[in-house]
Every structure is written in structure tokens, then in C-alpha cells.
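The block underneath contains the structure these notes are about, expressed in C-alpha cells.
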Amino acid sequence: MNEVKGTALITGASAGIGAIYADRLARQGHDLILVARTAAKLDQVAGAIREATGRNVDTLPADLSNPGDLRLIEARLINDRRITMLVNNAGIGAPVPTWQADVDQMETMIDINAIALARLTYAIAQRFAAAGQGTIINIASTVAIAPEFLLNGVYGATKAFVLALTASLQAELADKGVRIQVVLPGATATEFWDTSGVPLSGIPAEIVMSADAMVDAALAGLALGETVTIPALPDTEAWHAFEAARIAMVPNLSLTEPAARYRPVPVSA
Ligand SMILES: NC(=O)c1ccc[n+]([C@@H]2O[C@H](COP(=O)([O-])OP(=O)(O)OC[C@H]3O[C@@H](n4cnc5c(N)ncnc54)[C@H](OP(=O)(O)O)[C@@H]3O)[C@@H](O)[C@H]2O)c1
């Protein structure tokens, strides 16, 4: 058995990407707290990991769209000082174009993908900063920078939120010993697609990564010290060039005068 590395709390750990993070982090020496709605599936994942690794694995059934459940997870993050890692993985998609979607379902998606992720990050970040250590992994998506992939637009917006929030925290906590990684997976083979109403069989096989390969790559990116990991991107230089183009615009994004092309439209007599 490896040396115990502290406890990782993983949301959305009953299936897909979260269940693989649970397996890999236990094998690396972490004890686990697994969060999702379905207690029976959590128990199944927890039992298999206990059996394979001998780690302590707690389950915490909770619906992250329910404010009461969310507060319980926040309290656990604040009070359980064994927790050294948070993996904000739980997320849902939607099968319909943005403008045709049910607005209440969109609000639930924002609650899970953005609000819960932000509240859980707040709950742990202050304690990690005070302790001078701790790791947060936020699962976004490539749609955060490629809305052209034509998934639901609110889904893409929640993932852009995750990317922006993580980038801001990385800058603020850089000198406080807290590691924050954001992961941008492309299409990954999980139940997510069927649950979101877009069958995986309808996605070209050449753009779909296995969940095992995706999580192993993301953890390799963490070990390399990356703050942004895009598992499929062959050359990180492409990301750095993208960032450089954005940063080059910064000096011109806030000036006293509008750009010359925005001359006031003449008012006809
Ligand atoms: N699969 C992809 O192609 C892909 C690509 C890019 C990014 N991602 C992101 O990766 C993350 C994981 O996705 P996945 O593919 O592993 O999805 P998945 O297979 O559908 O698993 C989602 C997990 O989240 C849990 N969950 C869903 N709603 C919840 C809620 N209200 N409260 C608590 N837990 C909830 C589910 O368990 P219960 O149903 O039991 O609650 C399950 O454990 C998501 O953030 C997703 O946006 C996925």
C-alpha cells in the first residue's frame, strides 16, 4: 500500500470520469470521499476501490443542485481537515439547442456546473490558502474555448465560467502553495452523452477519448505542474499562442476613447 496522501473529495464519483479519478487517486495513495446522488452506485464504486487498494472510502450521497445538500458538502470541506484535494467533476449537459431549452433545466445546469463548483471551491480554498497547501482540480470542457462544437450554449457558458474562475484563482493563490488545475476534456466515452440526449454512437469515433485515457492524461498534466490541461492537444504551444494573442489585446481593452471606427452615427435632419 502507498503512503497516505490525505483525502480527496470527488464530486460526480459514481460514474464516468469521476469514478476513474476515484480509482486513480486511491491507487496514488489518497483516501476518498465520493459524492453523487445515487447512493447505490457510490457504494458500488467505493466497495471496488476499497477491495483493490485498501484505502478508506466514504460516500456522501448529495444532489449538488439542492442548496441544503450543497451546504453539507461545503461543511465537510471546511471541517474535515484530512481533505487535501477537491475534484470538482460533477456536471450535466443538455440535448437541446440553447434557445429551445427549458429555462428551468438550464438553471439547474448552472446550479450544478457553476454554482456548486464555485461554492465548493470557496469552501476549501480559504483553508488550503491558510495551510499553504492543497490541490483543486476543476473539470471544464473544450467547449469553454470552442462553442462551435454545437453543444447546448448554456453548457458551454458554464464551462467558460469554470475556466475563467480557475484562471482567476490561480493568479490569486499562486504564491500560497495551493495548486489549481483546470482540465478541458474533449468528447469522452461516458454515460454523459446518453444522459444528455446525444448518443455516443452519433459522435465520430476519431474525436472520442476513453475516460481512462482522459483521466490518466489529466493526472499526468497535474504531475507536470500544468495549470491548464487539454488532454487531446498534441502541442501545448498552441495553448500558449492562444493565451499570448489574448494577452496582446489587454492594453487596448480599456481606454478613454472608443476606437476610430465607432464614430457617432450622424443624425439625419
Ligand atoms: N463526457 C464528456 O464527453 C465530457 C467532455 C468534457 C467535459 N466533461 C465533464 O466531465 C464531468 C464528468 O462527466 P462524465 O462524462 O463523467 O459524466 P457522467 O458519466 O454522466 O457522470 C456524471 C456524474 O455526476 C453525478 N451527478 C450528476 N448530477 C448530479 C447532481 N445533481 N448532484 C451530484 N452529482 C451529480 C452523476 O451521478 P448521479 O447521477 O448518481 O448523481 C455522475 O457520478 C462533467 O463536468 C462534464 O461536463 C465531460
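When a ligand or atom number is given, it counts from 1 through the structure's own listing order. Each residue takes its place number in the sequence, starting with 1.
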Checking the side chain of [X] only, and the main-chain atoms of [Y] only, is there a donor and an acceptor separated by less than 3.5 Å?
| X | Y | answer |
| --- | --- | --- |
| Ser210 | Ala213 | yes |
| Thr190 | Gly16 | no |
| His30 | Thr7 | no |
| Lys5 | Asp31 | no |
| Arg127 | Ile83 | yes |

Can you tell me the protein heavy atom closest to [atom] and the distance?
| atom | answer |
| --- | --- |
| atom 7 (C) of ligand 1 | Ala140 O, 3.2 Å |
| atom 29 (C) of ligand 1 | Arg37 NE, 3.6 Å |
| atom 25 (C) of ligand 1 | Gly12 CA, 3.6 Å |
| atom 36 (C) of ligand 1 | Ser14 OG, 3.9 Å |
| atom 6 (C) of ligand 1 | Pro185 O, 3.4 Å |
| atom 48 (C) of ligand 1 | Ile17 CD1, 3.9 Å |
| atom 15 (O) of ligand 1 | Thr190 OG1, 2.5 Å |
| atom 32 (N) of ligand 1 | Leu64 N, 2.9 Å |

Rounded distance (nearest 0.5 Å) linking atom CG of Asn152 with atom CE of Met106: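 Reported value, rounded in 0.5 Å steps: 4.5 Å.
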Val35 contact mode with ligand 1 (heavy-atom cut-off under 4.0 Å):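 No part of Val35 is near ligand 1 at this cut-off.
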Glu243 atom CD, neighbour heavy-atom count above 12 within 6.0 Å: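 Counting neighbours around CD of Glu243, more than 12 heavy atoms of other residues, nucleotides or ligands fall under 6.0 Å, so yes.
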Glu51, CD: over 12 other non-hydrogen atoms inside 6.0 angstrom: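 No, not enclosed.
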Would [X] count as a contact residue for ligand 1, given that I'm defining contact as a non-hydrogen atom of the residue lying under 4.0 Å from a ligand atom?
| X | answer |
| --- | --- |
| Ala62 | yes |
| Glu191 | yes |
| Lys159 | yes |

Proximity winner for [atom], if only heavy atoms of [options] are counted:
| atom | options | value |
| --- | --- | --- |
| atom 44 (C) of ligand 1 | Asn89, Leu42, Leu184 | Asn89 |
| atom 5 (C) of ligand 1 | Pro61, Ala144, Gly186, Ser141 | Gly186 |
| atom 1 (N) of ligand 1 | Ile10, Ile112, Thr188 | Thr188 |
| atom 17 (O) of ligand 1 | Phe149, Trp193, Tyr155, Phe192 | Phe192 |

Steps toward salt bridge (charged side-chain N to carboxylate O under 4.0 Å, His left out) verdict (Asp212, Arg24): CA-CA 9 Å; Asp212 291 276; Arg24 300 305 194 265; 2.8 Å; yes
Min N/O separation Ala36 to ligand 1 under 3.5 Å: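 No, Ala36 has no N/O under 3.5 Å of an N/O on ligand 1.
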Modelled atom types, side-chain donor and acceptor of Thr166 and Asn138, under 3.5 Å: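 Side chains of Thr166 and Asn138: pair found under 3.5 Å.
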